[in-house]
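Letters go in sequence order (proteins before strands), and every chain restarts at 1.
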There are 2 protein chains.
Amino acid sequence: MNYQIELRHFIYFLAVAEELHYRKAAEKLFISQPGLSTQIKQMEEILGTQLFVRDKKKVSLTPAGEFLKKEVEFILNHLDQTKKQVKLIGDGQLGEVRIGFLGSAMQNVVPNLLLGLKEKYPTVHTTLEELSNRAQINAILADRLDLGFVRLSRVPKGLDVKPVFEDTFSLVLPEGHPLDAKHFKNINQVANEDFILFSQDYSPMYYDTVLSICEDSGFVPNVSHKSVHAQTIFKLVENKLGIAIVPTTLQHGFQMKVKFIEMKKIKQRAVLSMVWKTDNRNPALQKCMDLLQKL
Amino acid sequence: MNYQIELRHFIYFLAVAEELHYRKAAEKLFISQPGLSTQIKQMEEILGTQLFVRDKKKVSLTPAGEFLKKEVEFILNHLDQTKKQVKLIGDGQLGEVRIGFLGSAMQNVVPNLLLGLKEKYPTVHTTLEELSNRAQINAILADRLDLGFVRLSRVPKGLDVKPVFEDTFSLVLPEGHPLDAKHFKNINQVANEDFILFSQDYSPMYYDTVLSICEDSGFVPNVSHKSVHAQTIFKLVENKLGIAIVPTTLQHGFQMKVKFIEMKKIKQRAVLSMVWKTDNRNPALQKCMDLLQKL
DNA sequence: ATAATCAATAAGTATGAATTATCAAATAGA
DNA sequence: TCTATTTGATAATTCATACTTATTGATTAT
């Protein structure tokens with residue numbers, strides 16, 4: 001009496017609606033004809049409407065049945081799609097990865113990741129957001145982000161980090177500056193210049209590293225300006241308001257009147273790491289990390 | 001092992017996905033917690049994907065589960081809509097009636113039906129087609145039409161007829177004709193005129209009736225022209241090519257230089273009947289016929 | 001007439017969705 | 001640290017019901 005419609009009913013209904021013949025429909029479904037009859041009847045009771053007209057020797061659909069047929073076709077179809085997609089998402093073949101990154105990661109790591117995804121897992125999509133180290137960490141902790149690209153060595157408990165790209169540092173000088181790569185020996189050649197650096201709390205690790213580079217050469221830099229954007233830093237250098245030390249990859253992608261001197265000999269490296277929540281189960285994230293191993 | 005997803009699974013899944021708590025979800029569903037657990041587990045097996053992460057003390061959705069949740073919400077919603085609509089169609093509250101009619105039915109019967117439908121069953125829609133008696137009968141037999149308005153007394157086996165409107169006949173005379181309503185006594189006053197009638201095979205019953213009217217007055221009409229359109233007949237009368245005898249309702253709806261003399265005293269009536277297939281199960285048709293009873 | 005074919009009905013079976021009872025793991029409170 | 005409480009998962013059992021086979025009644029075909 002108080003039954004509930006099930007997908008079984010729909011499948012049975014569709015078979016009868018297609019065959020318009022109970023025995024044939026039952027054969028197709030590999031069940032017995034009486035079983036099919038009772039199930040259809042039950043379905044009609046649940047819906048409170050006749051779906052088939054069983055007239056002398058012929059079965060036909062009522063208008064309500066005709067309508068239901070279309071709907072059932074749609075629903076079963078949609079369901080099939082859904083099942084496939086759920087499986088794909090579960091296998092990490094399909095899904096969304098929410099990625100945060102520092103601007104400097106956009107020079108090579110993030111584009112390479114996106115190209116790799118497009119090639120190997122074209123159905124894995126991404127949302128991208130340029131964020132500071134801190135903002136990324138917070139977003140990952142709050143489950144608003146799956147993957148971050150940061151310049152940090154230590155991260156809060158519950159997160160994992162892994163270096164994905166090591167970069168040298170470069171001196172950034174205004175185009176007309178007397179020093180050039182040929183005559184560059186050591187950073188203390190510019191020890192008396194004003195320095196323009198990324199803000200300490202935008203990227204503490206970078207800041208510390210730059211300070212340690214100078215320290216290694218025996219001086220404390222005079223930091224005249226700080227900024228969170230490479231664009232701004234370069235603009236200030238261009239206007240001779242100081243010189244900068246930045247990860248070398250930032251050489252590309254900007255049209256500025258500045259010159260880069262890559263400091264290969266100094267031991268410090270600008271390390272870009274990926275960060276993710278240890279217990280993140282997004283399978284598409286696994287695919288991303290697999291790809292990043294190979295980059 | 002070889003189970004099949006059922007709607008039950010979806011309903012259970014949604015409860016857990018909403019509560020993120022098996023016991024609470026089970027309570028909401030009025031089933032036991034172990035039953036719910038096994039059903040969800042079975043569902044995961046069928047789909048081949050984990051849907052929930054049961055971590056220490058907390059339940060959460062996997063990305064696949066997150067995706068499925070949205071889909072299940074959509075599907076269950078859609079299904080609910082469908083169930084309601086099927087019921088409405090079955091009750092004839094919602095649906096379509098395909099109506100055929102003779103031009104003369106458009107004077108009052110069909111418009112009144114449409115107004116009645118609009119008022120009482122605004123969700124019952126119609127398709128309308130002006131057709132001859134014969135064309136309507138054929139269309140109804142071939143299930144291309146639900147309801148016809150004809151002037152026939154006998155219809156093929158399998159169809160039912162029922163009079164819906166009785167009309168007197170009127171003489172149609174050119175405006176300048178010497179006879180008028182005041183001086184009209186009997187049709188044999190125009191026995192010597194030429195007659196313009198609807199074609200015999202457009203409406204045999206009409207034709208026979210008109211002949212019997214003349215016969216009762218003791219003459220055989222001289223039929224000079226026949227047509228299937230009232231418009232044409234009136235135009236011919238207007239041009240003094242003859243006079244006509246037509247159902248009185250045709251008086252309205254035409255702008256012609258002709259005058260009508262209603263012959264109330266003659267016993268013959270122009271009967272408009274509705275026709276339908278005896279075994280037509282369109283519930284919206286029933287609503288139409290109910291309305292037509294009351295007109 | 002007889003046989004054949006249809007869906008519906010009746011009665012019995014067996015699958016599996018439910019239940020209750022219990023467990024193992026984790027947390028919270030003392 | 002121990003206990004009490006809470007979580008979801010398991011195990012064993014019960015019970016609902018979707019199935020089966022056997023049959024009927026109605027209709028059509030030969």
Side-chain angles (χ1 to χ4, degrees), chain A residues 1-47 49-62 65 69 72 76 157-158 278-279 281, chain B residues 1-47 49-62 64-65 69 72 157-158 278-279 281:
Chain A
M1 270 297 152
N2 226 0
Y3 297 105
Q4 147 94 35
I5 282 277
E6 288 295 348
L7 290 178
R8 178 188 63 250
H9 291 115
F10 286 149
I11 292 161
Y12 290 179
F13 166 79
L14 203 57
V16 179
E18 278 166 0
E19 298 291 330
L20 292 176
H21 197 291
Y22 276 75
R23 190 180 50 74
K24 286 180 191 165
E27 268 172 28
K28 207 166 89 173
L29 294 165
F30 297 104
I31 60 169
S32 67
Q33 172 266 314
L36 181 56
S37 283
T38 51
Q39 284 296 300
I40 296 290
K41 201 178 168 193
Q42 187 189 93
M43 192 178 177
E44 289 179 325
E45 258 169 37
I46 297 170
L47 292 173
T49 314
Q50 206 179 333
L51 299 172
F52 293 102
V53 185
R54 292 84 151 173
D55 238 20
K56 336 177 162 180
K57 272 296 192 199
K58 75 167 187 287
V59 174
S60 57
L61 284 159
T62 62
K69 188 188 171 197
V72 164
L76 292 184
K157 200 180 149 191
T278 311
D279 63 2
R281 305 271 183 154
Chain B
M1 268 296 157
N2 225 357
Y3 297 106
Q4 147 95 36
I5 281 277
E6 288 296 348
L7 291 178
R8 178 187 61 251
H9 291 116
F10 286 151
I11 291 161
Y12 290 179
F13 167 79
L14 202 57
V16 179
E18 278 166 0
E19 298 291 330
L20 293 176
H21 196 291
Y22 276 75
R23 190 179 50 74
K24 287 179 191 165
E27 269 173 28
K28 207 166 89 173
L29 294 164
F30 298 106
I31 60 168
S32 67
Q33 172 267 314
L36 182 56
S37 283
T38 50
Q39 284 298 299
I40 295 290
K41 202 180 168 193
Q42 188 188 94
M43 191 177 178
E44 289 180 324
E45 259 168 37
I46 296 169
L47 292 174
T49 315
Q50 205 180 330
L51 299 172
F52 293 101
V53 185
R54 292 83 151 174
D55 237 20
K56 335 179 163 182
K57 270 299 196 204
K58 75 167 184 288
V59 174
S60 57
L61 284 158
T62 61
K69 187 187 172 200
V72 164
K157 200 182 149 191
T278 310
D279 63 3
R281 306 274 183 153

Requested in this report: Identify, with sequence neighbours excluded, every residue that meets ring pair (Phe, Tyr, Trp, His ring centres under 6.0 Å) alongside A:Tyr12.
Outcome: none
Query raised in the report: Given atom CZ of A:Phe30 and atom C1' of D:dA18, what is their separation to the nearest angstrom?
Result: 18 Å
**Report entry** Distance in angstrom units between A:Gln42 CD and D:dA16 P, rounded
**Finding:** 15 Å
Query raised in the report: Taking only residues two or more places apart in sequence or in another chain, which ones pass salt bridge (Lys or Arg N to Asp or Glu O under 4.0 Å) with A:Arg8?
Result: none
Report task. Please work out which of the three classes, parallel, tilted or perpendicular, describes the rings of B:Tyr22 and B:Phe52, given edges at 30° and 60°. Result -> perpendicular
Query - Minimum-distance nucleotide to A:Val59 side chain [options: C:dT19, D:dG8, C:dA7] - result: C:dA7
Report task. Grab the CD-C1' distance between A:Glu45 and D:dT17 for me, whole Å please. Result -> 14 Å
Query - d(CD, A:Gln50; P, C:dA7) in whole Å - result: 15 Å
Query raised in the report: Tell me, which of residues 12-22 of chain A have any heavy atom that sits under 4.0 Å from an atom in DNA chain C?
Result: A:His21, A:Tyr22
Report task. Let me know the distance between CG of A:Leu51 and P of C:dA7, rounded to the nearest Å. Result -> 16 Å
Mind listing the N/O atom pairs, protein and nucleotides 24-27 of chain C, below 3.5 Å?
none

Query raised in the report: Looking for any heavy atom pair under 4.0 Å, which part of the strands does A:Leu36 touch: base, sugar-phosphate only, or nothing?
Result: nothing
Query raised in the report: Given C:dA7, is OP1 or OP2 found less than 4.0 Å from the side-chain N or O atoms of A:Arg54?
Result: no
Query raised in the report: Between C:dT9 and A:Lys41, is there an OP1 or OP2 to side-chain N/O distance shorter than 4.0 Å?
Result: yes
Query raised in the report: Under 3.5 Å, is there a donor-acceptor pair linking the side chains of A:Gln33 and A:Ser37?
Result: yes
Query - Minimum-distance pair of heavy atoms, taken over all atoms of A:Leu7 and B:Ile5 - result: CD1-O, 3.4 Å
Query - Value rounded to 0.5 Å, distance of CZ in B:Phe10 from CE in B:Met43 - result: 5.0 Å
Query raised in the report: Are A:Glu44 and A:Thr49 close enough that some pair of their side-chain heavy atoms sits under 4.5 Å apart?
Result: no
Requested in this report: Send over the distance from A:Met43 CE to C:dA7 C1', rounded to a whole Å.
Outcome: 18 Å
Query raised in the report: Within the pair A:Ser32 and D:dC19, is there a side-chain N or O less than 4.0 Å away from OP1 or OP2?
Result: no
Query raised in the report: What residues, two or more places apart in sequence or in another chain, satisfy salt bridge (Lys or Arg N to Asp or Glu O under 4.0 Å) together with B:Glu6?
Result: none
Query raised in the report: If you pin B:Thr38 and B:Pro34 to their nearest nucleotides in DNA chain C, which one's is more 5'?
Result: B:Thr38
Requested in this report: Establish, with yes or no, whether the OP1 or OP2 oxygen of C:dA8 is under 4.0 angstrom from a side-chain nitrogen or oxygen of A:Ser37.
Outcome: yes
Report task. Name the closest nucleotide to the B:Arg23 side chain, picking from D:dT20, D:dG8, C:dA18. Result -> D:dG8
Query raised in the report: B:Ile40 has an atom CD1; how far is it from atom P of C:dA18, in whole Å?
Result: 11 Å
Query - Nearest-angstrom distance from the residue atom CD of B:Gln33 to P of C:dA17 - result: 17 Å
Report task. Output all residues satisfying side-chain contact (heavy atoms from CB on, under 4.5 Å) with A:Glu19, sequence neighbours left out; order by chain, then residue number. Result -> A:His21, A:Lys24, A:Ala25, A:Lys28
**Report entry** Note: A:Arg23-A:Glu27 ion pair, threshold 4.0 Å (strictly below)
**Finding:** yes
